[in-house]
**Q** 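Quick one: the structure is below, questions incoming.
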Amino acid sequence: MSNTRQADAVSAWRAPILFLILVALFVAEGSFRNALFSGSWNTALAILNMGLISAVMALGVNMQWGYAGLFNAGVVGFLALGGLAPVLVSTAPVQGAWEAGGPRVLLALAVGLGTLALAAQVWKRMSGLLRVPALIAVLVLGFVLYRWLFDPAVMAIEANNSAAAGNIGGLGWPVLLSWPVGALFAAAAAWGVGKVALGLRSDYLAIATLGIGEIIVAIMRNEEWLSRGVKNFSGIPRPVPYELDLQGNPDFVARAAEWGLSPALASGIWVKLLYAGLFGAVLLALILLAELALKSPWGRMMRAIRDNETAAEAMGKNVTRRHLQIFVIGSGVIGLAGAMMVTLDGLLSPNSFNPLRYTFLIWVMVIVGGSGNNWGAALGAILIWFLWIKAEVWGPEFMRLVTGPIPEGALRDHLLGSAPHMRFIALGLVLLLMLRFAPRGLVPEK
Amino acid sequence: MAEPYLSATAMRGGYGKADILNNCTLTVDGGQIAVIVGPNGAGKSTAMKAVFGMLNLREGKVTLAGEDITHLTPQERVRKGMGFVPQTHNIFPTMTVEENLEMGAYIREDDFRDTMAQVYDLFPAVADKRKQYAGELSGGQRQQVAVGRALMTKPSLLMLDEPTAGVSPIVMDELFDRIIEVARTGISILMVEQNARQALEIADIGYVLVQGANRYTDTGQALLADPEVRRTFLGG
Amino acid sequence: MIQVHDLHKHFGGFCAVDGASLTIEQGSITGLIGPNGAGKSTLFNVIAGVLKPTAGRVTMAGEDITGLPPHELFHKGLLRTFQLAHEFSSMTVRENLMMVPGGQCGETLLNTWLRRGRIRQEERELRKKADEVLEFLTISHLTHEKAGNLSGGQKKLLELGRTMMVDARIVFLDEVGAGVNRTLLGTIGDAIVRLNKERGYTFCVIEHDMDFIGRLCDPVIVMAAGKVLAQGSADSIMKNEAVIEAYLGTGLKNKVAAEVAEEAAFGESHGAQPGLGAEAGRGGDGKPAGDI
Amino acid sequence: MDVLNALVAILNFVVIPAASYGAQLALGALGVTLIYGILRFSNFAHGDTMAFGAAMVILITWGLQAIGISLGPLPTALLALPFGIAVTALFTLGTDRAVYRFYRSKRSAPIILVMASVGVMFIMNGLTRLIIGVDEIRFDDGARFVITVQQFRAWTGLSEGLSLRVSQVLTLVVTALACWALFRFLNRSRAGKAMRAYSDNEDLALLSGIDPERVVRLTWIIATALAVTAGTLYGLDKSFKVFNYFQILLPIFAAAIVGGLGNPLGAVAGGFIVAFSEVAVTYPWRKIATYLGFQPDGLLQLLSTEYKFAVSFVILIVVLLFRPTGLFRGKSV
Amino acid sequence: EEIKMGISLGLTGPLESISPAMQKGAELAMKEVSDSGKLLDGSTVTPVVADNTCIDAAASVAAVTRLVTAEGVKGVMGGMCSGETIASLEQVGVPQGVVMISPSATSPALSTIDDKGFFFRTSPSDARQGDVMADIVLERGINSVAVTYTNNDYGKGLADSFADAYKAKGGTVTVVSAHDDGKADYSAEVAALAAAGGEALVVAGYADQGGSGIIQGSLDTGAFETFVLPDGMVNNVLAEKFGAQLETSFGQNPSAEGEGHDKFDTLAKEAGFDGTSAYAGESYDASALMLLAMQAAKSSDPKVYKDKVMEVANEPGEKIYPGELAKALELLAAGQDVDYVGATSVELIEPGESAGVYREVDFKGGKLNVVGFR
Ligand SMILES: Nc1ncnc2c1ncn2[C@@H]1O[C@H](COP(=O)(O)OP(=O)(O)OP(=O)(O)O)[C@@H](O)[C@H]1O
Ligand SMILES: Nc1ncnc2c1ncn2[C@@H]1O[C@H](COP(=O)(O)OP(=O)(O)OP(=O)(O)O)[C@@H](O)[C@H]1O
Ligand SMILES: [Mg+2]
Ligand SMILES: [Mg+2]
C-alpha cells in the first residue's frame, strides 16, 4: 500500500534556533558554575574541539548514508587509518629504522598489492576449469614471497630500540600536511574496499564494512613497525604552540594579565581557540563544498540512486561508479577527521579505536542530527558529543537527586556507588527523547 | 427503502492538510456490483482506503449493514466481513503463493481448502506456481494472487482496486465472470476500474469520481450510454 | 533495430524465456503481447541489461549488446519503463524528470564547485523541458509533489514521462497502460505515434489492452510460455486461433449466459458469442476514434 | 594410537570448543535474526537484553539457592530461566510500548529504529550494572563436567585428554531445539505465518485481519526468550560479566548476517561459521603434525590469534561476495 | 582551605570492575588526611571523581580538563590506563601544571615522557617485572613456557621484557601470543597455546578479564596446569574462582614487605572494600604521596609541591605505613623527614616511578600465599 509517510513541514528557523541553543549550551558550560555546568572555558573549548572533529566524521558518514544510502559500519577503521598519517608524516625519523628494513618493507607491500591485483586480473580474464587453481596459485605464491620479504624486515625494525621506538618512524614534515595525507590513506583503503564490497545491500554491507573496520584496527594494533601498535605513539607534533612555551613567553603572560587571566589558564584557552579555529575552518569548508555539490544535479543524481537503484541505472546513471565515488570521498573525510583527532590528542592509541565509540556514536550523531542534511549532521555531532561528555557529570548528579529521599543504608550506598553507570542511562534517555521529538533528525533533510 | 449494505456518505479527508476526498459518497447494496471510474489521481483509491478505515476521515460516515463502522480499525472491519485488494503492494512477496492465499483465510476458522481449490481453478496460471514466492511472479500473476487472497476471506463485501490492471484479456474475462458469480451469491462488490467499459457493463451502479467528488452516478449501462462520460472518462 | 537470437532465461529450473527469437524493425511500433507469465517482462529485462541471459544474444543495430549494463544501454539510446512503477519516491515529480538526461555538466563533482553558471543555465533548460512533459501528461499540478505520494496511475505517467526527457532511439514500454485512464491512454498513444513519426523513435510496447495494441502497433508479436507464438499485423493476430485460445479468450461466459437467459429479448449488441471474433468480444462497439 | 591422539587433540581444542561457542553465537543470532525478520531492524539492544535477562536469572537463582532448591547435576539457573524470561519479556514489551511503537506508527526508516535500539541498549546496560554491579559473577552449580580430561585419559590410556562440560552440552542441545522449533513455528504455525506476513507487508497483513500489535508482542516475547536463554547459557559456560555481553554483540551480528538475516537456519549456520573460523584458522598444527610423524620447525600456524576476529570477518566477507544476502538468502530492507 | 583532589579512573569501560576499589583506596587516604585536620593548618581534602573510560583518550582529556580547570583540583590521582594517561598528561596535566600520580599505568613509555616533573606513578614500569618473573620461573625449574598477554601496552611490554629476560637466562619460550580483553570466547587462544606447548603458561593479563578466561579454558581442556601470574593476575578473586585448580601456580606482584600491606588491608576492610583488589593500595599511596608532598612543601600549589614528592617517598626519614598519615603530617610540619612506605612499599626511582618490590606468591591449597619478596 502506498506509504503514508508525510514530510512534516519543518520551519526554516529550526536550524538557526538549534544552533543558537548549542551556542548557549557552550556559553553556559564556559561561564556558569553549578551542578550541570562546569563554568570553565577550558572545558567548554575542549568539548567543542572534539565536537568539531566529530562533526567532520559525521559529515563523512552523512555523505555515505545521507546522500547515497551506503551503510558504512567501519567508520572506526577509516578513522584509524587517517590517524596513522600524523605519525608517519610528521614525527621525527627513527634512527636506524629505515636502514634496518625500510626499503624491504616497501618492496614487500608492493609485492602484496601486486599479488592482489594479479589475482583480480586472473579472476576477471580467465574462465573455465583453470580459473580457481590459477587464482589460488597466484595468491599462495604471492603470500609466500610477501612473507619472505616482509617478516625479516619487520623483525629488524621492531628490534630497533624496541622500548622507545621499534617503528619505522616519520618523515618529520609539518603536521598539517598529514591531514590531507590521512584523508588519502582512508580514501585509498575505501577504494579497495568499495571495489569488493559495494555490491552488498544495506545491512550486509554494514557487516562487511564493520569487519573491515575491525581488520584495519587489528592491523594497526599488531603491526608494531608501523606505529608501535598497542604500545601507543605519543608526542605527535602540534600545529599550534605549546602551553608551556606560551607561559614562558613574557608577551603572552602580559597579555593574559590584561585580561585578568592566569598564564596557565590563558595559554590553555588560547591553544584551544587556535585548534577550534583550524577545525572550524576545515568543517566549514567541507560543509560549503558538500552543500554546493548536494544542491546541484550531482546531488539530485545521488538522491535518485539512493531512492531506487534499478531505476537510476535504467536512466543511465552508473550506480556502481557513483557508489564508489561517494564511498571514497566519505571515507576520505572520515580519514581527515582521524588525522585531526590524533593531532589534537597528540597520541595514537590503536586500542582506543573501538566501534562503539567511533562507529556507532558517530552514527547516532548523524541520525539524531538529520541524515541527508550537512548542517544537521554537524549539529548532531557537536550536540551528541557535548552530551556524551556531560553525561559523565549529569548521570551521577541525577542519581544524587533520585537517591535524596532514600534513607541511608545499603540500597542507597549501592545506588550511589553505581552512579557512574548512570552515564549510560542518561545518554540513552537523552538519545531516545531526541529521537522521539525529532524522529527524522533535528534538522531533517528537506 | 431499506438502507444499502454499505454506505459511505459525505466523506472528506486526505493524507496531509489538503483534502483529497470532497464530499464523496459511495453505496452498494447486497449482491450489487458497484464500479468507480475516474481519471488518474481523482481519489478513487483514496476513497477505497477511506471506506476501509485506512485513512482518517474529517467528515462523513461509513455504515455496513446498518451498523456505524466509521471508527473501527481495518482489522476489525475485516472481521465484519469486508475484504480489500489494494492497488499496489497487494501480495506478501516472500511468502509462497499458497501461503498468500492462506493469509487471506487468516480469520476463517473453518476448512478453507474448498475455497482454495476454487481460486486455483479460477487462476490456473498461479495454480502451477503455488510453491513459488509471490515476489517472483509476473505482474499479472501477482494481481491474480492478490484477488485470490481476497476471495479466500469469503467476505460479504469485496473491495477491489483495479483488479484487472496488467492481467491478460482472457483472465480479465474470467475475473469479471467470477465477480458476477460472486455477486450473485449475495456478496456486494465495490471496485475501481480503468478497464471501465468492460467493468461498467457488468456494474449495477457506477460512480464517476473527479477530484474527490461524485461527478456522475448512475447504472452502469446508463453511464456507458452517456456520450459525455464516454468521451471524457472512458476513452471514447 | 533490435534482434534477439534464441534467448533463454532460466530462474532456477524454470525457463521464463525459452528460446525466443524476434526482430524489432527500425522505426516500427512493435507490440508484444501474451498471457501473464509468458516471459515478456523477463525478455525486456534481459534486453535492457537488468537480467543476464542464460543463453542467447541480443544485438542493437548490428552491435552486440548482450549483457551490457543498463546505464550503458541508456547512453546508446535504449530506454525502458518498468511494469511496477520505479519512481524516485523522495524526490519531487519535476526532479524525477530532470535527473534523466545523461551527461549533465553538473553531474561531475568538480563542476559543481567550479562551473556554477553553466549548471544554472543547464538547469533552466531542463526545467523547461520537464514542465513541458508534465503539461503533456496532465500532471503539471503535481510538479512539486513527492513522487512517492502519487496515485498508481500517476506513477505510470511519470514513468512514461522520463522516457520523453531525452532523445531515444528505441523505447521499451512495459504496460504503460495498466492503471492509466483510457482517455489519457489515448493521448499517450497519440504521443507515441507522434514521437515515432516525427522523431523516428522505435517502440516496443507490452500491453494487455487490445484496443491500444490494435490502434498503434504493427507488427504484433505474441509470446507464450517463453516462446514466440505468432507474429503479424494486429488484425491477423486477433484472428489467430492459437492466440485467441492462449490469450484473448472469448468474452464473458457468465454475462453471456445470463443475457441469454434473462435478457435475450433485448438483443444485447455487445455480448460476444463464443467463437465470435475477439474484437467483438472485447466490447467491439466504440472503436477508438483516431482523434481525441 | 598417535592418529587417535591427534584426533582427540583436534576434538578437544578445536571441535568441541568451537561447536559450543558457535552454538552460543547461534542462539544469540536467532533472536537478532527474528527481530530483523519480523520488525525489520537490527536490534543493538540484544546483547544487553541477554545481559539483563541473565542478571534476572542470577537473582532468581540466588533466591532459589537460598531456599534450598536445586536441580541435581544440572545448574539451578535452568529452573530460574522461565522466571527470568518472564521478567525480561515484561521489560522488553515495555520498551516496545515506550519506544519502538511510536516509530512503527510513524513508519520511520529502519535506521531510526536501529538508533532507538542504541538508546535502549545504553539504558539496559546502565540498568543491569545498577542492579547487579559490574563484577564477574559465577552462578553455575551442579556438575561442571560430563567428562574431564583426567577421566578421559584414565579411561582410554591416551596421552591427549578430552573434556566435555555440562554447559557445552546444554548449549548445543538447546540451540538445536530452539532452531528447530523456531523454524517449525515460522513456517508451519498460523501465528508464525502471520508474523512473516506482517514482516512482508504490514498493510496487507492488516487487511487479512492480522492484529499487528499481537504479532509484535509475540515477536518480542520469543526474541526475549531466546536472548535470555542465550545469555544464561553463556553466563553458565563462561561466567557473567556485563561488559562481555556488549562485546559478544558483534560476532552475533556477524553470525546472523552471514547466514542470511531473517532465517533461523542461517543464524545457526552463521554462528558455527564464525566460531569455527576463529578457532580453526588460527590453530597451530604442529602438535597434530608431530603425532602424524612430521617434525616441523615452526608452529604451522596460518595466522596468529591476534587476527582471529579479522579472519572470521574475512571469511564472512568472502561468503557475502558469493552470496550477497547470506548463505540462506536472507532478507534485506 | 578546602583542597580538592581529582580522581580519574575508568569507572565505566573495560576495567570498570577494579575501579571502585581503587577509588575507595584513594578516597580513604584523603579522608584520613582530612579528618586528621593537620594538613596545611587544618585544610580539608575533598575528592572529585571523573570517569575517564580507560580507553577513550578524548573523553579522558575532557574529564581531566574538567577536574583541573573547572573543579580546580590541586592534583590528580590517575589516570588508569597508559594511553589515556599519556593523553591527559600531555593535554592537561603538564600544560596546566597539575601533578598526576597514576596508580596503575605501567607502560615503559611513561618513563621517557617529557612530564616537566608533574608525573609520578606508584606502580613500577613493566620492564623490571619481566626480569623478576624470569628469575622466579627458572628457579622453580621450569625451562619452557608459553606466554600470552593482554593486547595492550601493559601486556605487550611485560611479555616482551619477560621473554627477553627468560631467553637470556636460558629458558625456552614456545610462543608469545596476545589475547584481547572482553572477548566472548578464548578457545582459539587456548588451542594455539596448547598446541605450542610448554611446562607452564605465563598469563600477562588481568584477573577479571581475558586472563581468567584463558586460565578457565586451559584448565577445562587440560592444556596447562601451571600458570605463572604477574601483577595483574595476582588477586584473591582468582584464588576464589579457581581454588585448588591453581595448586601448582605461582606469581609475583609489586607489594610491600608485609606490614604496610596488611595494615592497608585492615583499613580497607573497616572502610568496607577489598584491599587486595588490584591497584587499590597503589591508589591509596598515590593520594597520600600528593598530600604529604603538599605538607612538606607547605603549599598546595602543584608547581611547588611536585618537587617534594620524591623526597617524602624515599629515605631518609621515618617509615610511614597506612593509617599513619596523621603522624607523617605532624613530622613534616615539624620539618622532619619521612619515608613513605604505604600499602605497596613505595620507593620512587627516577623518573618518578616505583622501584618495585615484588612479593612472590603461590596458590597452594587454593589460597593466595606469600612465599617471599625480591
Ligand atoms: N525472479 C524470478 N524467479 C523465479 N521465477 C520468476 C522470476 N521472475 C519471473 N519469474 C517467472 O517467469 C515467468 C515470466 O515472468 P514475466 O514477468 O516475464 O511475465 P510477463 O510475460 O511479463 O507477464 P505479465 O503479463 O503478467 O506481466 C513467470 O512465470 C514468473 O513466475
Ligand atoms: N500517500 C499519499 N500522500 C499524499 N498524497 C497522496 C498519497 N497517495 C495519493 N495521494 C494523492 O491523492 C490523490 C488521489 O490519489 P488516489 O490514489 O486516490 O488516486 P486514484 O484515483 O486511485 O488514481 P489512479 O487511477 O491513478 O490510481 C493524488 O493526487 C495523489 O497525488
Ligand atoms: Mg488508484
Ligand atoms: Mg510483465
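Being a predicted model, the structure only gives us computed values, none of them experimental. We name chains A, B, ... by the order of the sequence lines, and we start the count at 1 in each one.
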**Q** Measure the shortest side-chain to side-chain distance between D:T128 and D:F240 over non-hydrogen atoms and say whether it is less than 4.5 angstrom.
**A** yes

**Q** Please classify the contact between D:L320 and chain A as side chain, backbone, both or neither, with a heavy-atom cut-off of under 4.5 Å.
**A** both

**Q** Please classify the contact between D:M124 and chain A as side chain, backbone, both or neither, with a heavy-atom cut-off of under 4.5 Å.
**A**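 Looking at D:M124, nothing touches chain A.
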
**Q** Which class fits the ring pair A:F424 and D:F122: parallel under 30°, tilted 30 to 60°, perpendicular over 60°?
**A** parallel

**Q** Quick one: what part of A:L431 sits under 4.5 Å from any heavy atom of chain D, side chain, backbone, both or neither?
**A**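 Interface part for A:L431: side chain.
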
**Q** Of the backbone (N, CA, C, O) and the side chain (C-beta and beyond), which part of A:M434 lies under 4.5 Å from a heavy atom of chain D, both, or neither?
**A**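 Neither the backbone nor the side chain of A:M434 comes within 4.5 Å of chain D.
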
**Q** For a quick test of reading the model, state the closest non-hydrogen atom pair linking D:F309 to D:P251 and the distance between them.
**A**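 D:F309 and D:P251 have their closest heavy atoms at CZ-CD, 3.7 Å.
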
**Q** Just give me the residue among D:G326, D:S42, D:G126 that pairs up with chain A most often, heavy atom to heavy atom, under 4.5 Å.
**A**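 Option with the top pair count is D:G126.
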
**Q** Could you tell me the separation between the OH atom of D:Y36 and the CG atom of D:N43, rounded to the nearest 0.5 Å?
**A**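 The CG atom of D:N43 is 13.0 Å from OH of D:Y36, to the nearest 0.5 Å.
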
**Q** Tell me, for A:L200 versus chain D, whether the close heavy atoms (under 4.5 Å) come from the side chain, the backbone, both or neither.
**A**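 Contact with chain D involves the side chain of A:L200 alone.
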
**Q** Among A:V368, A:L356, A:L429, which residue forms the greatest number of heavy-atom pairs with chain D at distances under 4.5 Å?
**A**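 Of the options given, most contacts go to A:L356.
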
**Q** So does D:F328 get a backbone contact from the side chain of D:R323, meaning a donor-acceptor N/O pair under 3.5 Å?
**A**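 No; zero donor-acceptor contacts below 3.5 Å.
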
**Q** Give the member of D:L250, D:V258, D:L316 that has the highest number of heavy-atom pairs under 4.5 Å with chain A.
**A** D:L250

**Q** Check whether A:L205 gets within reach of chain D through its side chain, its backbone, both or neither, counting any heavy atom under 4.5 Å.
**A** neither

**Q** Heavy-atom pairs under 4.5 Å with chain A are the metric here; pick the option from D:I111, D:I112, D:L249 that has the most.
**A** D:I111

**Q** Would you mind checking which part of D:F253 comes under 4.5 Å of any heavy atom in chain A, side chain (CB onward), backbone (N, CA, C, O), both or neither?
**A** both

**Q** Quick one: does A:N62's side chain have a donor or acceptor within less than 3.5 Å of a partner on A:A58's backbone?
**A** no

**Q** Hey, does the side chain of A:R440 reach the backbone of A:G370 with a donor-acceptor pair shorter than 3.5 angstrom?
**A** no

**Q** Would you say the side-chain atoms of D:T33 pair up with the backbone N or O of D:L30, donor to acceptor, closer than 3.5 Å?
**A**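 Here the side-chain-to-backbone pair does not exist.
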
**Q** Can you check whether A:P439 reaches D:Y103 side chain to side chain, under 4.5 Å on heavy atoms?
**A** yes

**Q** Using heavy-atom distances under 4.5 Å, tell me whether D:A256 contacts chain A through its side chain, its backbone, both, or neither.
**A** neither

**Q** Looking at A:N354, A:L210, A:V430, which has the largest count of heavy-atom pairs under 4.5 Å with chain D?
**A** A:L210

**Q** So which part of D:I131 gets closer than 4.5 Å to some heavy atom of chain A, the side chain, the backbone, both or neither?
**A** backbone

